[in-house]
Asker: 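Let me give you the structure first, and then I'll get to my questions.
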Amino acid sequence: MSPKKNLHQVSDFDLRLLRIFKTVAECGSFSGAESALGITRSAISLHMGDLEKRLGMRLCQRGRAGFALTDEGREVLRASETVLVAIEGFRTEVNQMHQQLRGDLNVAIVNNLVTQPRMRITNALKAVRAEGSGVRINLSMSTPGEIERGLLDGRLHVGAVPLITPLSGLDYSLLYEERSSLYCSHEHPLYKHPTSVTVEQLSQADAVIPDYRMPAEAIGLHQRLSLAATATDREGIAFLILTGTYIGFLPDHYAAAWVEKGLMTALDPGKLYFDSKIAIATRKGRRQNLILERFLKELQLNVNGD
C-alpha cells in the first residue's frame, strides 16, 4: 500500500467508490455484494483497489482467510456512512424547495408482514412510487432492535416494528393488530386431535421459542411449553414446525397458506393464542421529508379506510 496521503477533494467518483465499499462491508464479502451491486467480483475488486489507492490505506483483508475490515476500514466505513447520510439530507432539503418527490425512502420492516390481509404498507409504497421515477424505495427486512437503531442514527426513515417497549426517541403509530396461535404440522402427533390438547401434552411436546422480544401475554403462554429450540424470526419458527417435531406460535395470517394445504393446524385455537401490535416508527424531531410525509399520509389513509 502506498504511503498515507491527504484526500484534497471528494469527487462523484469517490462517492461512488464509497457506496460500493459500504455495500461490500454490509454484505461481508465481494461475492455477497455481486447481486446487490449488479457487477462482477472482479469489477468490485478493481473499485476497492481504486478506493484504497485514493485514500492511501488498506480498508479490508481478503483472501483464503476470508473478508475482514481493517481498523482503518472500520473508521472509513463509519465516516462514509456519515457523508452519505449528509448527502441524502442535502438532496432532501433541496427537493423540499422544489416541492418535488425525488430521493430515497429507506424503509425497514420485520419479516412476514407480506401476508397481512390489510396491505397498508404495500398500498402506501405503491402510492409513493406512483409520484414518479425520482423516488427510489430501499426496503430491508430486519430485527426490531436493528430497525430502531437505524431510525435513531438516521440510516432509516421509517420502520415497522412490534409495539412492545417504545423508545423515547421514536414516535409510534399503530399499524396492524395480529393474532398468533399455537401450531403443529400434519406430521406431529397432536395434529389428529387439535381441539382436545391437554396441559400435560403441551408440557411434554417439544416447542420452538422466539429469540426476540415478545408481549407479556406471549411470554406467559410460552412458559407453559417445553423449550427445545429457538428461532430468531417467524420464518425460522415455521421451518421448525414443518419438521413435524416442534410446536410453536405463528401469526394466523402467516400460517394460513399451510393450514389451507393441510400442512399445519392450530392447537386449541380458542385458548392458545395471543394478540400483538405492529407499529410504524419514525425518529422524533426528524427533518421534514416530502417522501416520508407522503408515505405516512398514505398509511393513515389506509388505516382510516379499513
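From a predicted model like this one, the values you see are computed outputs, not experimental measurements.
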Asker: Could you tell me if the side chain of Arg234 sits less than 4.5 Å from the side chain of Leu113, heavy atoms only?
Answerer: yes

Asker: Between Thr245 and Asp206, do the side chains contain an N or O donor and an N or O acceptor separated by less than 3.5 Å?
Answerer: no

Asker: When you group the ILVMFWY residues by side-chain heavy-atom contacts below 4.5 Å and let the links chain together, are Val85 and Leu290 in the same group?
Answerer: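 No.
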
Asker: Less than 4.0 angstrom from a charged side-chain N to a carboxylate O is my criterion; do Lys22 and Glu26 meet it?
Answerer: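 A salt bridge is present here (some side-chain N lies under 4.0 Å from a carboxylate O).
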
Asker: With rounding to the nearest 0.5 Å, note down the distance linking CD1 in Ile247 to CD in Gln201.
Answerer: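 Separation between the atoms: 9.5 Å.
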
Asker: What's the separation between atom CG in Asn106 and atom CG in Leu156, rounded to the nearest 0.5 Å?
Answerer: 6.5 Å

Asker: Check whether any side-chain heavy atom of Glu178 lies under 4.5 Å from a side-chain heavy atom of Gln116, and answer yes or no.
Answerer: yes

Asker: Give a yes or no on whether the backbone of Arg118 and the side-chain of Tyr176 come within a donor-acceptor separation of less than 3.5 Å.
Answerer: yes

Asker: Is the closest side-chain heavy-atom distance between Leu182 and Tyr273 below 4.5 Å?
Answerer: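 No. Closest side-chain heavy atoms not under 4.5 Å.
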
Asker: May I ask you to test the Leu225-Leu202 pair for a side-chain heavy-atom distance under 4.5 Å?
Answerer: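 Yes, side chains in contact.
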
Asker: Please examine the side chains of Thr70 and Gln61, heavy atoms only from C-beta on, and report whether any two atoms are closer than 4.5 Å.
Answerer: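 Contact flag for Gln61/Thr70 side chains = yes.
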
Asker: Considering only NZ, NE, NH1 and NH2 on the basic side and carboxylate oxygens on the acidic side, decide whether Arg286 and Glu293 come within less than 4.0 Å.
Answerer: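 Looking at Glu293 together with Arg286, the answer is yes, because their closest N to O distance falls below 4.0 Å.
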
Asker: In terms of hydrophobic clustering (I, L, V, M, F, W, Y; side-chain heavy atoms under 4.5 Å; direct or indirect links), are Phe13 and Val76 co-clustered?
Answerer: yes

Asker: How close do Arg213 and Gly145 get, heavy atom to heavy atom, and via which atoms?
Answerer: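 Closest approach of Arg213 to Gly145: NH2-N, 4.2 Å.
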
Asker: Around Arg74, counting heavy atoms of other residues, nucleotides and ligands shown, do more than 12 lie under 6.0 Å from its CZ?
Answerer: yes

Asker: Counting only heavy atoms from other residues, nucleotides and ligands, does the tally under 6.0 Å from NZ of Lys297 exceed 12?
Answerer: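 No, not enclosed.
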
Asker: For the pair Glu88 and Arg19, find out whether any cationic side-chain nitrogen is under 4.0 Å from an anionic carboxylate oxygen.
Answerer: no

Asker: Check whether Leu105 and Leu139 end up in the same hydrophobic cluster, where Ile, Leu, Val, Met, Phe, Trp and Tyr are linked by side-chain heavy atoms less than 4.5 Å apart.
Answerer: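 Leu105 and Leu139: one cluster.
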
Asker: Given side-chain contact (heavy atoms from CB on, under 4.5 Å), test Leu163 with Ile278 step by step and report yes or no.
Answerer: CA-CA 6 Å; Leu163 187 57; Ile278 303 295; over 6 Å; no

Asker: Hydrophobic clusters here meaning ILVMFWY residues chained together by side-chain heavy-atom distances under 4.5 Å, can you tell me if Tyr172 and Leu299 are in one?
Answerer: yes

Asker: Can you give me the closest heavy-atom contact between His47 and Ile20, atom names plus distance?
Answerer: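 Nearest pair, atom of His47 first, then Ile20: CD2-CD1, 3.6 Å.
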
Asker: Are Leu250 and Ser180 packed together at the side-chain level, in the sense that at least one heavy-atom pair is separated by less than 4.5 angstrom?
Answerer: no

Asker: Pair Ser181, Asp252 - check side-chain hydrogen bond (donor to acceptor under 3.5 Å, both in side chains), show working.
Answerer: CA-CA 6 Å; Ser181 301; Asp252 291 344; 2.8 Å; yes

Asker: Going only through I, L, V, M, F, W and Y residues with side-chain contacts under 4.5 Å, is there a path from Phe67 to Leu77?
Answerer: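 Yes, Phe67 and Leu77 fall within the same hydrophobic cluster.
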
Asker: Do you know the tightest heavy-atom contact between Pro162 and Pro144?
Answerer: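 So the minimum-distance heavy-atom pair works out to CD-CG, 3.6 Å.
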
Asker: Indicate yes or no: at least one non-hydrogen side-chain atom of Ile44 is less than 4.5 angstrom from one of Phe21.
Answerer: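 Side-chain contact under 4.5 Å: no.
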
Asker: Which of these, Val158, Val135, Leu296, sits in a side-chain contact (heavy atoms from CB on, under 4.5 Å) with Ile291?
Answerer: Val135

Asker: Evaluate the side-chain proximity of Asn289 to His157: yes if any heavy-atom separation is below 4.5 Å, no if none is.
Answerer: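 A side-chain contact exists here, since the closest heavy-atom pair is under 4.5 Å.
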
Asker: Look at Asp104 together with Arg136 and state whether they make a salt bridge at an N to O cut-off of under 4.0 Å.
Answerer: yes

Asker: Is Arg41 close enough and on-axis enough to Phe30, meaning under 6.0 Å and within 45°, for cation-pi?
Answerer: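 The answer is no, since Arg41 fails at least one limit relative to Phe30.
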
Asker: Which heavy atom in Arg283 sits nearest to a heavy atom in Leu151, and how many Å separate them?
Answerer: CD-O, 3.4 Å

Asker: What's the verdict on side-chain contact (heavy atoms from CB on, under 4.5 Å) for Leu175 and Arg120, showing C-alpha distance, side-chain angles and the deciding distance?
Answerer: CA-CA 8 Å; Leu175 182 63; Arg120 292 169 179 165; 3.9 Å; yes

Asker: If I compare all heavy atoms of Glu187 with all of Thr243, which pair ends up nearest, and what's the gap?
Answerer: OE1-O, 3.6 Å

Asker: Rounded to the nearest 0.5 Å, what separates atom CG in Leu59 from atom CG in Leu18?
Answerer: 9.0 Å

Asker: Roughly how far apart are Leu272 CG and Leu267 CG, rounded to 0.5 Å?
Answerer: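 Result: 7.0 Å between the selected atoms.
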
Asker: So Met48 and Cys60, side-chain contact (heavy atoms from CB on, under 4.5 Å) or not? Walk me through it.
Answerer: CA-CA 9 Å; Met48 288 295 297; Cys60 61; 3.8 Å; yes

Asker: Any chance you could measure Asp211, atom CG, to Ile237, atom CD1, to the nearest 0.5 Å?
Answerer: 10.0 Å

Asker: Check the surroundings of atom CD in Gln204: do more than 12 heavy atoms from other residues, nucleotides or ligands lie under 6.0 Å from it?
Answerer: yes

Asker: Please check if the side chain of Glu260 supplies one atom and the backbone of Ala257 the other of a donor-acceptor pair under 3.5 Å.
Answerer: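 Judged by distance alone, no pair lies under 3.5 Å.
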
Asker: Going through the distances and angles, do Ile109 and Met141 end up as a side-chain contact (heavy atoms from CB on, under 4.5 Å)?
Answerer: CA-CA 5 Å; Ile109 62 178; Met141 315 300 293; 3.6 Å; yes

Asker: So which heavy atom on Gly248 is nearest to which on Val208, and how close?
Answerer: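 Here Gly248 and Val208 meet closest at CA-CG1, 3.9 Å.
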
Asker: What's the spacing between Asp153 CG and Arg155 CZ if we round to 0.5 Å?
Answerer: 4.0 Å

Asker: So which pairs with a foot in residues 205-263 pass ring-ring contact (aromatic ring centres under 6.0 Å, His included), sequence neighbours left out?
Answerer: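 Passing the test, one end in residues 205-263: His222-Phe249, Phe249-Phe274, Tyr254-Trp258.
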
Asker: Examine the side chains of Ser142 and Ser140 and answer whether a donor and an acceptor come within less than 3.5 Å of each other.
Answerer: no

Asker: State whether Glu81 and Arg78 are salt-bridged, where the test is any N-O pair (Lys NZ or Arg NE/NH1/NH2 against Asp/Glu carboxylate O) under 4.0 Å.
Answerer: no

